[in-house]
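Throughout, protein chains are lettered first and strands after them, A, B, ... in sequence-line order, and every chain is numbered starting at 1.
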There are 2 protein chains.
Amino acid sequence: MNIGEVSERAGLPAKTIRYYEDIGLVRPLRSDNGYRAFRDSDIHKLAFLGRARTFGFSIEDCRTLLDLYEDETRESAQVKAVAQEHLAAIDEKIAQLRSMHDTLSHLVDACHGDHRPDCPILKDLAKEP
Amino acid sequence: MNIGEVSERAGLPAKTIRYYEDIGLVRPLRSDNGYRAFRDSDIHKLAFLGRARTFGFSIEDCRTLLDLYEDETRESAQVKAVAQEHLAAIDEKIAQLRSMHDTLSHLVDACHGDHRPDCPILKDLAKEP
DNA sequence: TCTTGAGCTTCCAGCAACTGGAAGCCCTAT
DNA sequence: ATAGGGCTTCCAGTTGCTGGAAGCTCAAGA
């Protein structure tokens, strides 16, 4: 199967699929004309990767997860560990963003947003801590 | 004032300050020996930038905010607009992360995390949607 | 005075994860 | 024969720095 159809089926842009081959996440065969020839297993892998990426896993995590997926002797504890670490990172990011949100929304609420130059947002940014 | 002291005072790495000069956010003078010579106003600007960055504003937003800060004829509505747009982006990111968190934490909870290969996390990643 | 070490300079490369574009081959249909 | 769409590679750019190498400057100590 050519890259265009794979792109549709796996839900990934062709560019991304080529990139994933570049970094060794998939290894499609090649036809005589030089076109990539994807097997069902390649498409399956790509869909797996796409889904893992929507969970926010890094490419390296994706590589690990894919390896585990293909390893019959894996222990679910290994998978769980990767997922938990990622979950912790997500939590931290949410906390960061929430703190940004809270500070900033206070400032936005305090700003008149009119034609006058006076602005608590700028005042806060400029303040000496 | 040399870059080292400015770095401490503004709370930004020297590398970052040089980078900010590169992209035109600050324009320190130069001493005869070629060293950057920062005025108080430069330090003030850098601290402003540092604080804006902790709020998660992009560099381009920071540039805009700095311009507004220095523009006596600004209207606070302009500042508020930038901040509100950023706030909306933050909200969106939080929503995304929360959705990731929710799905993933369910899967993590469902995973035994033992020595056996069976794993609902991998099962989910591999499923056909 | 010479040397040593810290601090400064520039420039180049690399991170993550793609994305866009150019130049050019391949295949099918008219 | 030619037009088009799909495929190929390679290079550059995105964001916001960060690390490192090579080399100049300055102040202090032997």
Side-chain angles (χ1 to χ4, degrees), chain A residues 1-38 42-43 45-46 48-66 82 85-86 89-90 93 96-97 100, chain B residues 1-38 42-43 45-46 48-66 85-86 89-90 92-93 96-97 100:
Chain A
M1 200 177 308
N2 285 350
I3 201 167
E5 200 180 340
V6 173
S7 166
E8 273 188 39
R9 291 222 205 167
L12 292 173
K15 278 276 191 190
T16 300
I17 296 173
R18 291 196 195 99
Y19 172 66
Y20 286 174
E21 184 189 11
D22 250 29
I23 61 175
L25 286 177
V26 276
R27 303 182 195 283
L29 304 173
R30 292 287 174 147
S31 307
D32 289 345
N33 59 12
Y35 287 15
R36 288 168 182 80
F38 295 85
D42 295 319
I43 298 166
K45 271 195 205 181
L46 287 166
F48 182 103
L49 289 168
R51 193 154 168 74
R53 292 288 297 136
T54 69
F55 284 164
F57 284 108
S58 72
I59 288 286
E60 281 321 299
D61 278 353
C62 288
R63 197 188 299 275
T64 305
L65 290 171
L66 199 51
V82 173
E85 207 164 320
H86 180 48
I90 288 175
K93 242 182 207 165
Q96 260 184 29
L97 286 172
M100 283 180 192
Chain B
M1 201 178 306
N2 285 350
I3 200 167
E5 199 180 340
V6 172
S7 167
E8 274 187 38
R9 291 221 203 168
L12 292 173
K15 278 275 192 190
T16 300
I17 296 172
R18 291 196 195 97
Y19 172 67
Y20 286 174
E21 184 189 9
D22 249 28
I23 61 175
L25 286 177
V26 277
R27 304 182 193 283
L29 305 174
R30 293 287 174 148
S31 307
D32 290 345
N33 60 12
Y35 287 16
R36 286 169 183 80
F38 294 86
D42 294 319
I43 298 166
K45 271 195 205 183
L46 287 166
F48 182 103
L49 290 168
R51 194 153 169 74
R53 291 289 297 138
T54 69
F55 284 165
F57 284 108
S58 73
I59 288 287
E60 281 321 299
D61 277 353
C62 288
R63 196 190 300 275
T64 304
L65 291 171
L66 199 52
E85 207 163 320
H86 180 48
I90 289 175
E92 198 176 331
K93 244 182 205 165
Q96 261 185 29
L97 286 172
M100 284 179 192

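Put simply, CG on B/Leu46 and OG1 on B/Thr16 are 10.0 Å apart, with the number rounded to the nearest 0.5 Å.
Of the side-chain N and O atoms in A/Tyr19, none sit less than 4.0 angstrom from OP1 or OP2 of C/dA16. OP1 or OP2 of D/dG16 has not a single side-chain nitrogen or oxygen of B/Arg18 nearer than 4.0 Å. At the phosphate of D/dC7, neither OP1 nor OP2 sits under 4.0 Å from any side-chain N or O atom of A/Asn33.
Using a 4.0 Å heavy-atom cutoff across all strands shown, B/Tyr20 reaches sugar-phosphate atoms only and no base atom. Counting any heavy atom pair closer than 4.0 Å across all strands shown, A/Arg36 reaches sugar-phosphate atoms only and no base atom.
Comparing C/dT10, C/dC18, C/dC8 against the side chain of A/Thr16 picks out C/dC18 as the nearest. Across C/dA17, D/dT25, D/dC17, the shortest atom-to-atom separation from the side chain of A/Arg53 is found for C/dA17.
Contact check for A/Arg27 versus A/Glu21: no side-chain heavy atoms found under the 4.5 Å cut-off. No side-chain heavy atom of A/Phe57 sits less than 4.5 Å from a side-chain heavy atom of A/Thr64. Side-chain contact check for A/Phe38 versus A/Ile3: some heavy-atom pair is nearer than 4.5 Å.
For A/Lys15 against C/dG21, a side-chain N or O and a base N or O form a donor-acceptor pair under 3.5 Å.
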